[in-house]
Amino acid sequence: MNDTWTLGGKTFRSRIIVGTGKYASNDETRDAIAASGAEIVTVALRRVDLSSKQTVLDAIDRTKYVLLPNTAGCYTADEAIRTLHLARELGMDELVKLEVIGDPKTLFPDNTATVEAAQRLVKEGFKVLPYCSDDLVTCKRLADAGCLAVMPLAAPIGSGLGIRNPHNIRLIIENVSVPVIVDAGVGTASDAAIAMELGCTAVLMNTGIAGARKPVLMAEAMRLAVDGGRKAFLAGRMPRRDYANASSPTTQLIE
């Protein structure tokens with residue numbers, strides 16, 4: 001089945017995007033990325049020690065994966081913009097993930113600052129994927145600003161709580177013209193499948209894989225779940241009913 005999607009002029013088959021934090025080693029990072037089947041890999045620039053001899057960037061084969069620099073740890077629009085200018089100077093792709101955090105305890109995004117930063121970055125030629133709340137109005141503003149996709153959270157970053165507001169995610173999918181990529185809160189394979197069954201274009205995850213007892217095995221489980229959820233969405237689920245409905249004929253029964 002030729003079920004692909006496009007982002008920033010590039011075509012992708014995989015609908016899982018993975019992060020690179022919290023793994024035990026670069027080898028485990030490499031193995032988990034490979035098992036996930038991801039084609040896009042995101043890296044938190046502010047958490048990479050560029051003076052070190054070996055960093056997480058060494059675990060990413062740039063000939064195989066699209067590197068998506070992100071602004072995790074930024075609390076103002078200016079901080080996020082400076083960070084992405086650094087990514088540009090380092091020769092990274094201008095496809096970027098924008099995060100502007102508003103609260104240090106919940107890590108909820110500052111939606112106002114995110115919209116401001118997105119508007120400025122788009123004008124400067126960046127291809128922006130913004131992390132935001134599961135808020136339809138914010139997602140519309142980000143799409144109107146020229147963002148290539150919107151990335152509403154499923155639940156707080158690293159919580160593993162799964163999609164807390166599936167109705168909100170569905171509203172965003174139905175009313176925003178750009179791809180919707182669920183970001184943050186995916187804890188296990190069933191969470192990823194639900195996101196895809198709702199009609200999301202893709203799912204981004206990190207802790208759900210890296211925090212598992214067996215990260216590489218969980219990466220494979222996430223890949224299968226995303227694939228299964230996408231196929232279920234395309235197939236169209238049966239209608240929900242309040243009462244039973246026999247699966248075999250109820251007439252001309254053998255006496």
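Remember, it's a predicted structure, so these values are computed and weren't measured experimentally.
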Fill in the blank from the handout: Here the gap from C139 atom SG to D134 atom CG, rounded to the nearest 0.5 Å, amounts to 8.0 Å
Handout entry: T20 side chain to T42 backbone, donor-acceptor under 3.5 Å
Key = yes
Practice task
Please report the closest heavy-atom contact between P215 and Y23, naming both atoms and the distance.
Solution key: CB-CE2, 4.1 Å
Practice task
List the atom of A155, the atom of R164, and the distance in Å for their closest heavy-atom pair.
Solution key: CB-CG, 3.9 Å
Exercise for the section: Kindly indicate, with the supporting measurements, whether the criterion side chain to side chain contact (heavy atoms under 4.5 Å, CB included) is fulfilled by I169 and I173. Expected result: CA-CA 6 Å; I169 299 297; I173 293 167; 3.9 Å; yes
Problem - Residue pair E124, E94: steps toward the side chain to side chain contact (heavy atoms under 4.5 Å, CB included) verdict - result: CA-CA 10 Å; E124 294 175 5; E94 290 182 332; over 6 Å; no
Practice task
To the nearest 0.5 angstrom, please state how far the CD atom of E197 sits from the CZ atom of R230.
Solution key: 12.0 Å
Exercise for the section: Return yes when atom CZ of R141 has more than 12 non-hydrogen atoms of other residues, nucleotides or ligands closer than 6.0 Å, and no otherwise. Expected result: no
Exercise for the section: Assign the ring pair F126 / H85 to parallel, tilted or perpendicular, where the plane angle (0 to 90°) is split at 30° and 60°. Expected result: perpendicular
Handout entry: Value rounded to 0.5 Å, distance of CG in D183 from CD1 in I157
Key = 7.0 Å
Problem - side-chain contact (heavy atoms from CB on, under 4.5 Å) partner of L67, chosen from L95, V96, D61, I60 - result: I60
Exercise for the section: Please examine the side chains of V128 and V122, heavy atoms only from C-beta on, and report whether any two atoms are closer than 4.5 Å. Expected result: yes
Exercise for the section: Could you check Y131 against V100 for side chain to side chain contact (heavy atoms under 4.5 Å, CB included), going step by step and ending with a plain yes or no? Expected result: CA-CA 8 Å; Y131 161 70; V100 184; over 6 Å; no
Exercise for the section: For D31 and V216, indicate whether the former's side chain and the latter's backbone hold a donor-acceptor pair under 3.5 Å. Expected result: no
Fill in the blank from the handout: Between the CZ atom in R13 and the CG atom in N2, the distance rounded to the nearest 0.5 Å is 5.5 Å
Exercise for the section: Would you name the heavy atoms of C147 and P130 that are closest together and state the gap between them? Expected result: SG-CG, 3.7 Å
Problem - Check against salt bridge (charged side-chain N to carboxylate O under 4.0 Å, His left out), R82 and D78 - result: CA-CA 6 Å; R82 281 197 302 272; D78 286 339; 5.1 Å; no
Problem - L86 vs M92 side-chain heavy atoms within contact, under 4.5 Å - result: no
Exercise for the section: Heavy atoms only: give me the nearest V178-L148 pair and the separation to one decimal. Expected result: CB-O, 3.5 Å
Problem - Shared hydrophobic cluster, I17 / I209 (ILVMFWY, side-chain heavy atoms < 4.5 Å) - result: no
Problem - Residues K140, D144: salt bridge by 4.0 Å N-O rule - result: no
Practice task
Tell me whether V66 is reachable from I33 by hopping between hydrophobic residues (I, L, V, M, F, W, Y) whose side-chain heavy atoms are closer than 4.5 Å.
Solution key: no
Practice task
Would you kindly confirm whether L98 and V43 end up in one hydrophobic cluster when ILVMFWY residues are joined by side chain heavy atoms under 4.5 Å apart?
Solution key: no
Practice task
With the side chain counted from C-beta on, respond yes when I40 and L7 share a heavy-atom pair under 4.5 Å apart, and no when they do not.
Solution key: yes
Exercise for the section: Establish, from distance only, whether the side-chain atoms of D103 and T106 form a donor-acceptor pair under 3.5 Å. Expected result: yes
Practice task
Flag the pair D3 and R15 as a salt bridge only when some basic side-chain nitrogen lies within less than 4.0 angstrom of an acidic carboxylate oxygen.
Solution key: yes
Exercise for the section: Just do the side chain to side chain contact (heavy atoms under 4.5 Å, CB included) check on I181 and V150 with the steps written out, would you? Expected result: CA-CA 6 Å; I181 302 170; V150 292; over 6 Å; no
Fill in the blank from the handout: Closest heavy-atom pair, A44 versus N70, reported as atoms and distance to 0.1 Å, is CA-OD1, 3.2 Å
Fill in the blank from the handout: When rounded to the nearest 0.5 Å, the distance separating CG of L45 from CG of L84 is 7.0 Å
Completion exercise
Rounded to the nearest 0.5 Å, the CE atom of M205 sits from the CG atom of D191 at a distance of 8.5 Å
Problem - E99 (side chain) donor-acceptor with T71 (main chain) under 3.5 angstrom - result: no
Exercise for the section: Indicate yes or no for a side-chain donor-acceptor contact from D227 to the backbone of R223 under 3.5 Å, with no hydrogens or angles considered. Expected result: no
Let me check something: any side-chain donor-acceptor pairs from residues 108-118 under 3.5 Å, sequence neighbours excluded? List them with distances.
| from | atom 1 | to | atom 2 | distance (Å) |
| --- | --- | --- | --- | --- |
| D110 | OD1 | T112 | N | 3.2 |
| D110 | OD1 | A113 | N | 3.0 |
| N111 | OD1 | S133 | N | 3.2 |
| N111 | ND2 | S133 | OG | 3.1 |
| T114 | OG1 | D110 | O | 2.7 |
| E116 | OE2 | R120 | NH1 | 3.2 |

Practice task
May I ask whether L204 and V180 are part of the same hydrophobic cluster, defined by side-chain heavy atoms of I, L, V, M, F, W, Y residues being less than 4.5 angstrom apart, directly or through others?
Solution key: no
Handout entry: Where K97 and M151 come nearest, the two heavy atoms and their spacing
Key = CG-SD, 4.1 Å
Exercise for the section: Look at E28 together with R30 and state whether they make a salt bridge at an N to O cut-off of under 4.0 Å. Expected result: no
Exercise for the section: Examine V203 and V41 and state if one hydrophobic cluster contains both, with Ile, Leu, Val, Met, Phe, Trp and Tyr joined whenever side-chain heavy atoms are less than 4.5 Å apart. Expected result: yes
Exercise for the section: For the pair W5 (side chain) and S14 (backbone), establish whether a donor and an acceptor sit closer than 3.5 Å, ignoring hydrogens and angles. Expected result: yes
Practice task
Would you indicate whether the side-chain heavy atoms of P156 and L107 approach each other to under 4.5 Å?
Solution key: no
